[in-house]
Each structure stands twice: as C-alpha cells, then as structure tokens.
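The structure appears right after this line, and notes come after that.
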Amino acid sequence: MSRAPPTLLLVEDDSDLCDALVEILQAEGHTVVATGSGDEALSWLGAHPLPGLVLLDMWTPRKDIWRMLDILHREPRFADVPVVAISSGDERHPAIREVLSKPFDREALLAGVRRFVPPLH
C-alpha cells in the first residue's frame with residue numbers, strides 16, 4: 001500500500017497569486033493547503049500532520065511571518081520541514097532553506113518544490 005504524498009502548506013495573502021500557485025502545484029499532483037497568514041499557518045500546523053514543505057510569501061501585510069519562522073526554527077518537531085520563501089528582497093532566516101526570487105515562472109517554482117518534495121508523476 002502506497003503512502004499519500006505529503007501536503008504542501010502555502011502561506012500567501014494575495015488571493016490571485018495564491019490561486020495560481022495552488023493550481024500549478026495541484027496540476028503536478030500535490031495536495032496543497034493555502035493559508036493567508038503566518039498565524040493561520042501555525043494554527044493549521046498545530047492541528048494536522050506535518051507538511052512536506054512550507055512555501056511562504058515573505059511580504060504578507062501582517063508581520064506574523066517572522067514569528068512563524070522563529071517558531072519553525074525553534075520547535076524541534078518542525079526541524080525537518082523545509083521552508084521555501086517567496087521574496088523580492090534579500091530576507092534571510094535560519095528556518096528558510098531556499099528563497100524563490102520574484103518574479104519567478106512556473107518552472108522555477110516547480111524546481112524549488114522538487115528539491116524538497118519528490119515529483120509525483
């Protein structure tokens with residue numbers, strides 16, 4: 001019996017970009033849960049099995065992304081969850097394993113995800 005593929009947790013407050021990212025990732029066979037803030041993502045993380053990847057936009061209007069990153073870095077249970085940040089800046093945080101620079105295309109997004117989550121088909 002095969003195991004279900006890991007869920008990808010997306011943190012993106014722009015609904016149009018969120019919809020586009022979900023569509024691209026689901027077309028590749030991924031299960032995607034989208035949240036609009038770091039606080040929503042932390043609530044989801046507290047109630048579900050760990051995702052295979054967290055993909056987050058660094059510049060949501062709320063500044064809870066940095067708090068989320070601190071928690072992901074500090075809590076041992078999140079140590080193996082890779083974080084890929086989407087950013088137009090030069091942000092760095094120990095929890096971030098890779099930065100996907102804006103603007104990016106579909107292939108750059110998928111290449112970043114594949115570095116941490118194997119292709120599904």
Problem set entry | Between CZ on residue Phe78 and CG on residue Leu50, distance to nearest 0.5 Å | 6.0 Å

Seminar exercise, completed: Residues at least two apart in sequence or cross-chain that pass salt bridge (charged side-chain N to carboxylate O under 4.0 Å, His left out) with Arg77, listed by chain then number, are none

For this session: Check side-chain contact (heavy atoms from CB on, under 4.5 Å) between Ala108 and all other residues, then give those that pass, not counting sequence neighbours.
Result: Leu100, Phe104, Asp105

Exercise. Do Ile96 and His73 come within less than 4.5 Å of each other through their side chains, counting heavy atoms only?
Worked result: no

For this session: Might you point out which heavy atoms bring Asp64 and Ser37 nearest each other, and give the distance in Å?
Result: OD2-CB, 3.4 Å

Exercise. Given Leu10, which of Asp57, Leu56, Val32, Leu53 fulfils the side chain to side chain contact (heavy atoms under 4.5 Å, CB included) condition?
Worked result: Val32

Exercise. Should the ring pair His93 and Trp66 be called parallel, tilted or perpendicular, given that the plane angle runs from 0 to 90° and is split at 30 and 60?
Worked result: tilted

For this session: Would you check, one step at a time, whether the test side-chain contact (heavy atoms from CB on, under 4.5 Å) holds for Ile86 with Leu21?
Result: CA-CA 11 Å; Ile86 300 170; Leu21 294 173; 4.0 Å; yes

Problem set entry | Contacts of type salt bridge (charged side-chain N to carboxylate O under 4.0 Å, His left out), residue Arg106, not counting sequence neighbours | Glu28

For this session: With sequence neighbours excluded, tell me which residues meet side-chain hydrogen bond (donor to acceptor under 3.5 Å, both in side chains) with Asp14.
Result: none

Exercise. Hey, does Met58 have a side-chain heavy atom less than 4.5 Å from the side chain of Leu69?
Worked result: yes

Exercise. What's the shortest heavy-atom distance between Gly36 and Asp13, and which atoms?
Worked result: O-CB, 3.5 Å

Exercise. How close do Cys18 and Ala34 get, heavy atom to heavy atom, and via which atoms?
Worked result: SG-CB, 3.4 Å

Exercise. Is there a side-chain contact between Leu109 and Leu55, using heavy atoms and a 4.5 Å cut-off?
Worked result: yes

Seminar exercise, completed: From the list Val54, Thr35, Asp39, side chain to side chain contact (heavy atoms under 4.5 Å, CB included) partner of Met68 resolves to Val54

Seminar exercise, completed: Closest non-hydrogen atoms of Ala95 and Leu72, given as atom of the first, atom of the second and distance, are CB-CB, 4.3 Å

Exercise. Taking only residues two or more places apart in sequence, or in another chain, which ones meet Trp44 in a ring pair (Phe, Tyr, Trp, His ring centres under 6.0 Å)?
Worked result: His48

For this session: Would you please name every residue forming a salt bridge (charged side-chain N to carboxylate O under 4.0 Å, His left out) with Glu75, sequence neighbours left out?
Result: none

For this session: State the CG-CZ distance between Leu110 and Arg115, to the nearest 0.5 angstrom.
Result: 10.5 Å

Problem set entry | Stepwise side-chain contact (heavy atoms from CB on, under 4.5 Å) test for Val84 and Arg97 | CA-CA 6 Å; Val84 174; Arg97 298 218 190 142; 5.8 Å; no

Exercise. Is there a side-chain contact between Leu8 and Pro51 (heavy atoms, below 4.5 Å)?
Worked result: no

For this session: Would you name the heavy atoms of Val117 and Pro6 that are closest together and state the gap between them?
Result: CG1-CG, 3.9 Å

Problem set entry | Closest non-hydrogen atom pair, Val11 against Ala41 | CG2-CB, 3.6 Å

